Amino acid sequence: NISSLNVKEHLSAFWSTYSASIIISGSNVILPVVFKLVGTFEMYQFQSTRLAITLIRMFVMKLFNISTYLYILYRAVGPSGGKKEPWQTQENTLFYNCWEDYIASRLYQLVMVDFIVFCVTLILAEALRSFLATRVSFFRDRLGLTKPEFDIAGQILDLVHKQMILWSGFFVAPLFPVIAVAEVIAIFYLKKISGLRNVIPPKTVVLNHQSTFAVNCLFLISLLLVFIFMGLVIFNLEPSTTCGP
């Protein structure tokens, strides 16, 4: 069947293009839930210790995701940058010679997919759960379902993740910070609306005024990682001559 083959080809092309972004954004949603579930089975004496271990796991996971993605982008354009290599064909010569556009397009895809996954998660994990917990008696009375708690620490880690993407694309795409800032502003107001209607305050205080130093350390570590990526790009890749204004 020709139509079924076309569908498979389109799905295959879609997956090959967006697979990395989908895996990164999906793991940022699924793995924190797994880490929290694992933490409930670990016999820690204090709950604060369990929360701290879970947050460290989440931060390492997000750091690993972005660092791996940046390494893949760096290896994709190659250390030769704009130079033509023997393995390049007529179809992909321009694609790889214009390596700035390649990296920028992949980071744009990551921002777009990340925002879509955020919206889906917001609807399913907060809005739908709040509706079931308040409007459906079966979930509220028999299953004991309640509104989700506002995860302050998780929101900070998400902000670290988004700022790493912002800093990574600043060099290769001048308009990338505008897109990233617009995404963060949209996420802020969507989270504000959902926070006022669908979530409850956390029962356990994870962060206080003494945690400011730890949060700043997270931002510093992520910034240093981006500096390493930018250093490799600036010193090992030659600027492209076949693209740009």
Side-chain angles (χ1 to χ4, degrees), residues 14-33 35 55-77 95 98-122 125 151-192 214-237 240 243-244:
F14 175 82
W15 177 251
S16 63
T17 303
Y18 294 96
S19 58
S21 300
I22 293 175
I23 292 173
I24 291 176
S25 301
S27 62
N28 287 336
V29 174
I30 297 174
L31 289 183
V33 179
F35 293 153
L55 292 178
I56 292 175
R57 288 170 176 168
M58 293 168 58
F59 175 70
V60 172
M61 178 267 298
K62 293 178 181 294
L63 203 66
F64 176 78
N65 284 344
I66 294 297
S67 60
T68 303
Y69 190 64
L70 295 179
Y71 176 76
I72 292 174
L73 294 180
Y74 174 75
R75 294 293 297 175
V77 298
F95 178 76
C98 208
W99 59 266
E100 292 92 343
D101 286 351
Y102 172 77
I103 295 179
S105 64
R106 294 302 185 226
L107 293 176
Y108 277 123
Q109 288 178 6
L110 182 58
V111 170
M112 180 183 66
V113 173
D114 190 66
F115 182 74
I116 294 175
V117 172
F118 163 79
C119 293
V120 173
T121 305
L122 190 71
D151 188 5
I152 301 177
Q155 301 303 320
I156 293 178
L157 293 180
D158 287 340
L159 183 60
V160 173
H161 167 77
K162 297 182 188 307
Q163 285 200 358
M164 288 182 64
I165 301 175
L166 166 63
W167 292 330
S168 302
F170 181 76
F171 177 75
V172 295
L175 293 179
F176 188 79
V178 178
I179 304 299
V181 170
E183 181 204 15
V184 172
I185 293 176
I187 289 176
F188 170 78
Y189 282 104
L190 290 175
K191 267 292 184 182
K192 178 182 178 181
V215 173
N216 291 333
C217 287
L218 298 183
F219 282 103
L220 178 61
I221 294 173
S222 61
L223 181 61
L224 292 177
L225 178 64
V226 175
F227 279 166
I228 294 175
F229 170 73
M230 298 306 301
L232 292 174
V233 169
I234 292 173
F235 292 105
N236 293 336
L237 302 181
S240 300
C243 64

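The first residue of the sequence shown is numbered 1, and numbering continues consecutively from there. Not measured: the values here are computed from a predicted model.
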Supply the atom-to-atom distance [X] [atom1] to [Y] [atom2], rounded to the nearest 0.5 angstrom.
X      : Y      : atom1 : atom2 : value
Ile24  : Ser19  : CD1   : OG    : 9.5 Å
Leu122 : Phe115 : CG    : CZ    : 9.5 Å
Leu220 : Leu225 : CG    : CG    : 11.5 Å
Tyr102 : Arg106 : OH    : CZ    : 4.5 Å
Ile185 : Leu190 : CD1   : CG    : 12.0 Å
Ile156 : Phe59  : CD1   : CZ    : 12.0 Å

Next item on the list: Locate the shortest heavy-atom distance separating Leu157 from Leu55; write the atom from each residue and the value.
Entry: CD1-O, 3.9 Å
Margin query: Show the nearest heavy-atom pair for residues Gln109 and Ser21, with the distance to one decimal.
Written below: C-OG, 3.8 Å
All ring pair (Phe, Tyr, Trp, His ring centres under 6.0 Å) counterparts of [X], not counting sequence neighbours:
X      : answer
Phe229 : none
Tyr69  : none
Tyr18  : Phe14

Does a side-chain heavy-atom distance below 4.5 Å link [X] with [Y]?
X      : Y      : answer
Ser222 : Lys62  : no
Phe118 : Asp158 : no
Leu107 : Leu73  : yes
Ile221 : Val160 : no

Using a cut-off of 6.0 Å, state whether more than 12 heavy atoms not belonging to [X] lie near its atom [atom1].
X      : atom1 : answer
Ile30  : CD1   : no
Phe170 : CZ    : no
Tyr71  : OH    : no

Note to self: With side-chain hydrogen bond (donor to acceptor under 3.5 Å, both in side chains) as the rule and sequence neighbours excluded, what pairs involving residues 22-33 come up?
What the structure shows: Ser27-Asn65, Asn28-Asn65, Asn28-His161
If you look only at distance, which donor and acceptor atoms sit under 3.5 Å apart when one is on a side chain in residues 172-184 and the other is two or more places apart or in another chain?
none

Pairs of donor and acceptor atoms involving the side chains of residues 162-169, under 3.5 Å and at least two apart or interchain, shall be tabulated with distances.
unit_1, atom_1, unit_2, atom_2, d
Lys162, NZ, Asp114, OD2, 2.4
Ser168, OG, Met164, O, 2.6

